[in-house]
Enquirer: 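Take a look at this one; I'll ask things after.
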Amino acid sequence: MLNRHARALFTRLFTPLAAFLLRLRVSPDAVTAVGTLGVTASALVLYPLGQLFWGTIAITLFIFSDVLDGIMARLTRRTGRWGSFLDSTLDRVQDGAVFAGIAFWFFGLGGSPAVGVLAVVCLALGNLVSYARAKAESLGFDANVGIAERAERLVLTLVVTGLCGLGLPTVVLAWALGVLAVASAITVGQRIVTVRVQAATGDAPA
């Protein structure tokens, strides 16, 4: 939902930068890779050190590469299966790093194993949400539904984690991750039901 509503705004904001990078002969794949490295390093270094606010700022800056590379690909008419595969695969790396970084801190000096457990649960369910859609599409179904897609999961997690770095009580993050886990489980259910309906009505290819 958030992806669809925000796409037009971010396209307008980042198109000049995308065009500038293309003039420098930077490829969309390079932007995807650099963004992933930046998110992963920020999450796995700053979060475990307890730098929840600055870690979130760094992750947010790098995560916009996911928007930028798509705009660059469209400007150069290089959209295709390879770019989609690379982008989707590295998105999973980024998500894993964010939730792992949170878990490392709260299992350790953060002193809240409950938040660590919830972060791991959110990581597992988030991967399941993505897998359900990918598997459905590989079989010819459409499973692009759900209340907790990637954008919603990341925005909620990063905003609350960053605020915890500014003094927001840890219990708020626990509640946020709990809500996210439930929403992710519901999304998996929605995608399963959607595919089941399509299969029952013969909407899948033979």
Side-chain angles (χ1 to χ4, degrees), residues 1-10 32 36 39-40 43 47 56 59-60 63 66-67 70 81 83-107 112-164 168 170-206:
M1 183 183 300
L2 205 57
N3 278 333
R4 292 188 287 271
H5 291 299
R7 185 178 299 276
L9 171 62
F10 286 128
T32 303
T36 299
V39 169
T40 302
Y47 276 176
T56 296
I59 290 167
T60 300
I63 218 163
D66 195 45
V67 178
R81 290 184 296 176
S84 177
F85 167 79
L86 180 66
D87 192 57
S88 181
T89 300
L90 294 185
D91 281 351
R92 305 289 81 75
V93 174
Q94 293 179 20
D95 295 351
V98 169
F99 285 106
I102 293 171
F104 286 150
W105 169 247
F106 284 103
F107 276 132
S112 181
V115 172
V117 169
L118 286 168
V120 172
V121 170
C122 287
L123 171 57
L125 287 172
N127 282 333
L128 187 54
V129 168
S130 299
Y131 173 80
R133 177 178 173 180
K135 184 63 177 179
E137 291 177 349
S138 74
L139 296 172
F141 297 110
D142 180 10
N144 188 19
V145 297
I147 62 173
E149 297 185 34
R150 183 175 185 252
E152 286 85 355
R153 298 195 303 271
L154 279 178
V155 168
L156 177 62
T157 301
L158 292 175
V159 167
V160 179
T161 301
L163 291 176
C164 282
L168 190 71
T170 300
V171 67
V172 178
L173 179 57
W175 275 102
L177 292 177
V179 169
L180 179 57
V182 172
S184 297
I186 291 173
T187 298
V188 172
Q190 288 176 301
R191 293 185 172 183
I192 291 173
V193 170
T194 297
V195 171
R196 180 68 184 93
V197 170
Q198 292 174 43
T201 55
D203 288 339

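All residue numbers refer to positions in the sequence shown, counting from 1. Note that the coordinates shown come from a computational prediction; the quantities given were computed from them, not determined experimentally.
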Enquirer: Look up atom CZ in R191 and atom NZ in K135, then write down how far apart they are to the nearest 0.5 Å.
Expert: 15.5 Å
Enquirer: I102 and side-chain contact (heavy atoms from CB on, under 4.5 Å): which single residue from V115, L158, L118 fits?
Expert: V115
Enquirer: So do the side chains of F99 and V120 get within less than 4.5 Å of each other, counting heavy atoms only?
Expert: no
Enquirer: Please identify each residue that fulfils side-chain hydrogen bond (donor to acceptor under 3.5 Å, both in side chains) with T161, with sequence neighbours left out.
Expert: none
Enquirer: Compare all side-chain heavy atoms of I59 with those of V98 and state whether any distance is below 4.5 angstrom.
Expert: yes
Enquirer: For residues 122-130, run the donor-acceptor check on the side chains, cut-off 3.5 Å, and write out each pair with its distance to 0.1 Å, sequence neighbours left out.
Expert:
unit_1	atom_1	unit_2	atom_2	d
N127	ND2	L123	O	3.4
S130	OG	R92	NE	3.4
S130	OG	R92	NH2	3.4
S130	OG	G126	O	3.3

Enquirer: Surrounding CZ of F104 (heavy atoms of other residues, nucleotides or ligands, distance under 6.0 Å), is the total greater than 12?
Expert: no
Enquirer: Got V160 and W175 here, is their nearest side-chain heavy-atom distance under 4.5 Å?
Expert: no
Enquirer: Rounded to the nearest 0.5 Å, what separates atom CG in D66 from atom CG in L154?
Expert: 9.0 Å
Enquirer: For A143, does its backbone N or O pair with a side-chain atom of R133 as donor and acceptor, under 3.5 Å?
Expert: no
Enquirer: Provide the closest heavy-atom pair for I147 versus Q190 in the form atom of the first, atom of the second, distance.
Expert: N-OE1, 3.1 Å
Enquirer: If you define the side chain from C-beta out and look only at heavy atoms, does anything of L173 sit under 4.5 Å from F106?
Expert: yes
Enquirer: For D87, check side-chain hydrogen bond (donor to acceptor under 3.5 Å, both in side chains) against everything at least two apart and list the hits.
Expert: none
Enquirer: Would you say the side-chain atoms of S88 pair up with the backbone N or O of S84, donor to acceptor, closer than 3.5 Å?
Expert: no
